Structures are given as C-alpha cells and as structure tokens.
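For reference, the structure is listed below as structure tokens.
Please read these numbers as outputs of a predicted model, since none were measured by experiment. Note that ligands are numbered from 1 as they come in the structure, with each ligand's atoms numbered from 1 the same way.
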Amino acid sequence: MFEQFTPAPPDAILGLTEAFRKDPNPNKINLGVGVYKDETGNTPILASVKEAETRLLQSEKSKTYLPIDGSPAFNAATQALLFGPDHEIIRSQRAATAQAPGGTGALRVAADTIAKLMKGTRVWISTPTWPNHPSVFQSAGLEVKSYPYFDAQSNDLDFDAMLAVLNEIPAGDVLLLHGACHNPTGVDLNPAQWQAVAEVVTRRKLLPLIDFAYQGFADGLKEDALGLHTIANAGVEFLVANSYSKNFGLYNERIGALTLVAKDEETAQTLLSHVKQAIRANFSNPPAHGSAIVATILNDPQLRAQWEREVGEMRDRINGMRHLLVETLNEKGVERDFSFIARQRGMFSFSGLNPDQVKALRDDYAIYIVGSGRISVAGLSEASMDYLCDAIAAVLS
Ligand code: LMR
C-alpha cells in the first residue's frame, strides 16, 4: 500500500529544528524557527504564566469539553486585547471570536470557512511570506496568488509595487496582511501606508485577513495594533488570526484565535456558525489549558501588568540583539551595509544572505537559518554573537 510513496520535503522552518537536534556540533545555533530565547539560550516560561498556572491548578474543577468555539472568557479577552475594551466593534457585538490551536489553527479554520462559503475566492499573500501560508490555504482548496512586498535592493517595502497589484485584485478576494512584525522580512507598513491599504480594501471590496502573530514584539501592544485598527476604522468586514505563542511564550500550548468582524451582530453570528462547523470537522473543539492561562492573565490587573512588563522585556532584548548584530558585523570588518537589520521589527531579520551562504553557514558552522536568509534575531545572545558574525563574515568573503 505505502511503498509507492516518496518522502515529502522537510518543512522549511520546523524541518531545520529537526536537523539541528541531530547536529553533533557543540557550537551549533538554531536561528531558524521563531522562538524567543533569553541570554542563556533558554525559552523561558513567563512568570505571569507560571503564576496563572499555579492558580489554575488550584481552581480547575473539570476537564470537560470546551464549547466548539472555545472559552467565552478567553474569546472576550482576545477581542479586548485586539481592539481595546471600549471599541465600537465590541460594543455593537459585531465581532465573534473562536479559540483555535495557535495562529496556524486560526488560519486553517478561516481558510476552510472561506473555501466553503466563498467559492472561487483567491487568497493574496505577500512576496515573500511565511512559507506555511500557501500550504494552509491550498490545503483548504483555495487558490493562492501573490502581491509584491519587499525590495531586496533597498531592504525595504516596495509599496508602489504592492499598491499597484492590490488595485487589480478582484472584488471578494482575500488579502492576507501581516498585522505587525512581517514574517520573514521584519518590514512593516507605516501609518500612511496602512491608510492607503484600507482605502484600496474598501474601494475594491476585498476581505482583509490579518495574521497577527507577534503583537507586542515591534513597538508595543497598542502600537502594534495600529494596522488592525486602521482596517477596523475603515468600517469593512475582516478577519483576524492571532497567536499567543510568542507574546505569552505559549508555543506548545497551541493557543490562538480567529476573530471575524461583520457588519452587524446577526451577520457575525451567522458566520460564526460556519466557523464552528469548520472547527468541528477539523479538531472538534479546542484544548483548554492555553486559553485558561491567557484569560487568567488578561482578566487579572496584577498579572496583566506583570505580563505586559515581560512582553516589553522580550521586545527590548530582541531590539537590543538587532543593534548588537549590526555593530558586531561592523566590528568584524564586514563591508556590506547591514544597518537595515536595526530598523526591522519583530523576531526576524531578512539578512539578504543567499542560499549558498545559508548552506555554508549550516554546513561549515552549524548555524541554522531559513533558506530565504531569514535569521531569528530572537534566538541570538551576546554569547553567540561573535561566533555568528565571524561565520557571516567568512561566508560573505
Ligand atoms: C516561524 O515562522 O518561525 C514561526 O511562525 C513558527 C512556525 O510555525 O513556523
């Protein structure tokens, strides 16, 4: 039955972690997957999370199923975090949120719902984007198209090219946008550019799907929601897939949410009924633990303040690593201008290293970065900086 099959290629990101684990080199560094590490190379459990778990251990009374769309307390807290507690969208109840196993789970539920309800709809993704985006949408049977985003010459956004293509997308198609900390480039839209995108979305009647996996990792929890708020304030219907993997460090709890914003409450509830069908067919109902942690923290003023501080510390460390990386490359005499790394935001830096250089880093130095040249800055430390920069200097020369 099975011997006719040939192996599938390893995953562009998680496949690197598999290879990294097997690598015997004692100096090896995994800068592939977007996982935050502290100075000692550990991915910490946040103190606010530990405290919430301690409380949950005492208070939890049952392991019965959650509703299909997840924990009501978690869903309400998610909306308040995304929009701010007093936003018109929340007051008018025209948003509905469904808990999902991670941001990826939320994207897949969105994809299944769109594929079922909006036949023939295409999903437009940026070039480049997270390598799993096309797979998620194609697996749901959706056609994926792309729009320009990044200019490799300037290491910046190619906004004119992006806007030109957005202006040709047919009405009813889905426009996938990264809310903040664009993965893989670390290059985000500025406020005026978000405004221009919101204008195109409104005029051309597109459906924005905002992938919001890194809230708090660019400039702050509120600041990073600026793009989402710009789309929200345009008054259009849209979807948000958000993740708590990074900003709560809850990677392996698989906790995220799909939020849909419709024109009114009745429309939102109708759409939610289809979202629930997609969830039931995929994984029946979501796992509870991650949502209980997030809801406990967001609904407790003291834990929430602690968590906000911890997000700030992670953000500051990552931005500090960006500057140190640029400085250390300079110190090593690397002539190429890498100053753009300090301007990029989020966990990733799109280094501009080519596939041969990426391969040399891995083969000769056991430094694992994604084939596109994406470096997880959040995985760097002061201790590993010299080794990395020496290796980059060597593969560039
Ligand atoms: C990444 O891009 O490294 C993260 O989003 C983790 C993942 O699932 O790929």
Side-chain angles (χ1 to χ4, degrees), residues 8-21 28-37 41 43-44 100-111 125-140 144 149-150 176-188 209-218 224 240-258 282-283 286-287 290 311 314-315 317-318 321-322 341 344-351 353 358 361-362 367-380:
D11 183 79
I13 295 171
L14 300 184
L16 287 178
T17 304
E18 289 168 21
F20 174 82
R21 287 205 176 108
K28 63 184 179 178
I29 327 178
N30 186 3
L31 304 176
V33 68
V35 170
Y36 175 84
K37 299 209 179 95
T43 300
T104 311
L107 288 170
R108 180 57 196 260
V109 170
I125 59 177
S126 63
T127 304
T129 193
W130 182 48
N132 207 25
H133 275 150
S135 318
V136 168
F137 296 111
Q138 283 160 354
S139 295
V144 172
Y149 188 81
F150 185 72
L176 184 82
L177 297 162
H178 299 222
C181 307
H182 183 270
N183 180 3
T185 66
V187 174
D188 289 333
L209 165 51
I210 301 177
D211 185 349
F212 202 26
Y214 303 96
Q215 185 177 8
F217 273 32
D224 295 358
V240 186
N242 80 304
S243 167
Y244 294 108
S245 296
K246 326 285 174 169
N247 55 12
F248 278 77
L250 290 172
Y251 304 88
N252 67 13
E253 298 295 351
R254 309 308 302 136
I255 179 66
L258 174 64
N282 257 311
F283 48 89
V311 177
M314 290 192 280
R315 175 175 64 243
R317 206 189 90 76
I318 296 171
M321 284 301 120
R322 288 188 176 284
I341 291 177
Q344 297 170 338
R345 279 291 171 275
M347 294 183 116
F348 306 116
S349 171
F350 210 47
S351 66
L353 295 176
V358 171
L361 282 180
R362 174 170 165 175
I367 295 172
Y368 290 72
I369 70 172
V370 179
S372 61
R374 189 193 83 170
I375 295 175
S376 175
V377 189
L380 281 172

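- One finds the OG1 atom of Thr129 at 3.0 Å from the NE2 atom of His178 (value rounded to the nearest 0.5 Å).
- Within the 4.0 Å heavy-atom criterion, the part of Asn183 lying near ligand 1 is the side chain and not the backbone.
- Using a 4.0 Å cut-off to heavy atoms of Val33, the atoms of ligand 1 that qualify are 3 (O), 6 (C).
- Taking CG of Leu380 as the start and CD1 of Ile375 as the end, the distance is 7.0 Å to the nearest 0.5 Å.
- What you find for Ile125 and Val144 is that their closest heavy atoms are CD1-CG1, 3.4 Å.
- Using modelled atom types, no side-chain atom of Arg317 and backbone atom of Tyr36 make a donor-acceptor pair closer than 3.5 Å.
- Between the side chains of Ser243 and Ser245, a donor-acceptor pair is found at a separation under 3.5 Å.
- One option in Lys246, Met347, His133 has a heavy atom closer to atom 4 (C) of ligand 1 than any other, and that option is Lys246.
- Looking at ligand 1, you'll find an N or O of Gly34 within less than 3.5 Å of one of its N or O atoms.
- Checked by atom type, the side-chain pair Asn183/Arg374 shows a donor-acceptor distance below 3.5 Å.
- For the pair Tyr251 and ligand 1, no heavy-atom separation below 4.0 Å is found.
- Not one N or O of Thr104 is nearer than 3.5 Å to an N or O of ligand 1, by distance alone.
- Per-residue contacts place Arg374 under 4.0 angstrom from the following atoms of ligand 1 (heavy atoms of the residue considered): 1 (C), 2 (O), 3 (O).
- Using a 4.0 Å cutoff on heavy atoms, Ile13 counts as a contact of ligand 1.
- Every atom of ligand 1 is numbered from 1 in the order shown, and the set under 4.0 Å from a heavy atom of Phe348 is 1 (C), 2 (O), 3 (O).
- In terms of protein heavy-atom proximity, atom 8 (O) of ligand 1 is closest to Trp130 CZ2, 3.6 Å.
- For Tyr149 and His182, the gap between ring centers is short of 6.0 Å.
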